[in-house]
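Counting starts at 1 for both ligands and their atoms, in listed order. Sequential numbering from 1 along the given sequence is applied to the chain's residues.
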Amino acid sequence: MIQRNDPCWCGSGKKYKKCHLTIDARLQTPAIKRANPRWIKTPREIDGMRRAGRFNGRLMDYIRAFVVAGVSTERLDQLVYAYTLDHGHKPACLGYHGYPKSICTSVNNVVCHGIPSATEILKEGDIVNIDCTTIVDGFYGDSSETFMIGAVAPAARNLVGVTAQALIKGIAAARPGAAIQAVAQSIEPYVESQGCSVVQQYTGHGIGKSFHEYFSVYHHIDPDFKDFMLMPGLTFTIEPMINQGRFEVATDSVDKWTARTKDGSLSAQFEHTVLVTAEGCEALTLTPSQIAAGKIVCLEGM
Ligand code: MF3
Ligand code: CO
Ligand code: CO
């Protein structure tokens with residue numbers, strides 16, 4: 001039996017009482033399953049995830065300045081590709097299950113996985129999600145932001161704000177000892193109170209030395225979800241896709257990637273890769289400008 005002052009079983013080098021003891025004690029009353037120990041990253045892996053996340057954040061700040069009216073989504077893709085290679089890293093999306101580009105660019109009613117194109121020119125009033133994932137020394141960093149091009153309609157601005165707030169709430173809920181369902185419980189009632197809906201077809205995911213690892217992170221409440229307890233050392237994404245209208249999504253029958261709202265309404269998304277720590281939750285993909293501002297998203301007033 002491991003003693004209070006022994007080194008913790010997770011390999012953090014901390015004493016057991018300062019690390020996983022509280023959580024293990026809670027598990028004595030097993031209302032909820034513990035996370036699979038294989039999902040818990042070692043200190044070395046956590047270091048790799050921090051570095052991958054930090055680079056992906058820098059990349060997002062780099063591309064920010066180019067997301068303006070008149071630019072093609074293809075141009076944004078080329079810029080991300082070049083910046084990533086210039087820094088010695090690899091765009092994770094390129095070639096992933098045959099995906100043809102380095103980033104996803106999802107404009108207006110596109111929910112996710114929009115494919116950059118030379119003929120798609122951003123224009124004033126559009127909203128566009130840019131989703132970048134980078135492999136840095138074998139570790140994945142995955143994040144996205146929805147940008148507003150110039151002046152956008154109040155309803156679109158509202159949707160983007162609600163979606164950013166959904167990510168902020170999800171991150172706040174991801175604490176050691178909490179159930180992973182707490183993420184969905186913090187997001188869905190809020191989003192619905194704002195008259196919007198949570199996409200169910202796509203979810204967050206475990207992430208590490210591969211892009212999409214066990215387990216799924218739901219943003220909607222599902223009574224059949226196999227819940228488990230969040231523990232320090234878990235890394236995963238929180239990436240709510242929020243629709244202005246109904247939640248249903250249809251995938252393009254020709255390109256097999258582009259996912260659009262079925263009802264044609266707008267959709268927005270924000271994503272961070274996060275790490276559960278002994279104290280709470282660390283967003284690994286924060287950008288330098290977010291760190292400087294002490295914020296999780298780059299939106300006025302948030
Ligand atoms: N970055 C997306 C995510 O958040 C996945 C894109 S997969 C791709 O999980 F193949 F479409 F690029
Ligand atoms: Co992503
Ligand atoms: Co993701």
Charged N to carboxylate O under 4.0 angstrom, Asp6 versus Lys15?
no
State the atom name: nearest N, O or S atom of His205 to the Co ion (ligand 3).
NE2
Determine the interplanar angle of the Tyr214 and Trp39 rings, folded into 0 to 90°, and report it as parallel if under 30°, tilted if 30 to 60°, perpendicular if over 60°.
parallel
Identity of the N, O or S atom of Glu271 lying closest to the Co ion (ligand 2)
OE1
Output the set of protein residues with a heavy-atom contact under 4.0 Å to ligand 1, ordered first by chain identifier and then by residue number.
Cys93, Tyr96, Tyr99, Cys104, His113, Asp131, Thr133, Asp142, His205, Phe211, His212, Glu239, Trp257, Glu271
What N, O or S atom of Glu239 is found closest to the Co ion (ligand 3)?
OE2
Could you tell me whether Asp126 and Lys123 make a salt bridge, using a distance below 4.0 angstrom between a side-chain N and a carboxylate O?
yes
Is the shortest side-chain N to carboxylate O distance from Asp47 to Arg44 below 4.0 Å?
no
Tell me the side chain to side chain donor-acceptor pair (under 3.5 Å) pairs involving residues 263-282, sequence neighbours left out?
Arg50-Glu282, Glu239-Gln269, Asn243-Ser267, Asp263-Ser265, His272-Thr285
His212 near the Co ion (ligand 3): N/O/S under 2.8 Å:
no
Heavy-atom neighbours of Tyr81 OH exceed 12 at 6.0 Å
no
Are Lys41 and Glu213 ion-paired here, with the side-chain N under 4.0 Å from a carboxylate O?
yes
Among the N/O/S atoms of Asp142, the Co ion (ligand 2) lies closest to OD1
Are the charged groups of Asp252 and Arg260 less than 4.0 angstrom apart, N to O?
yes
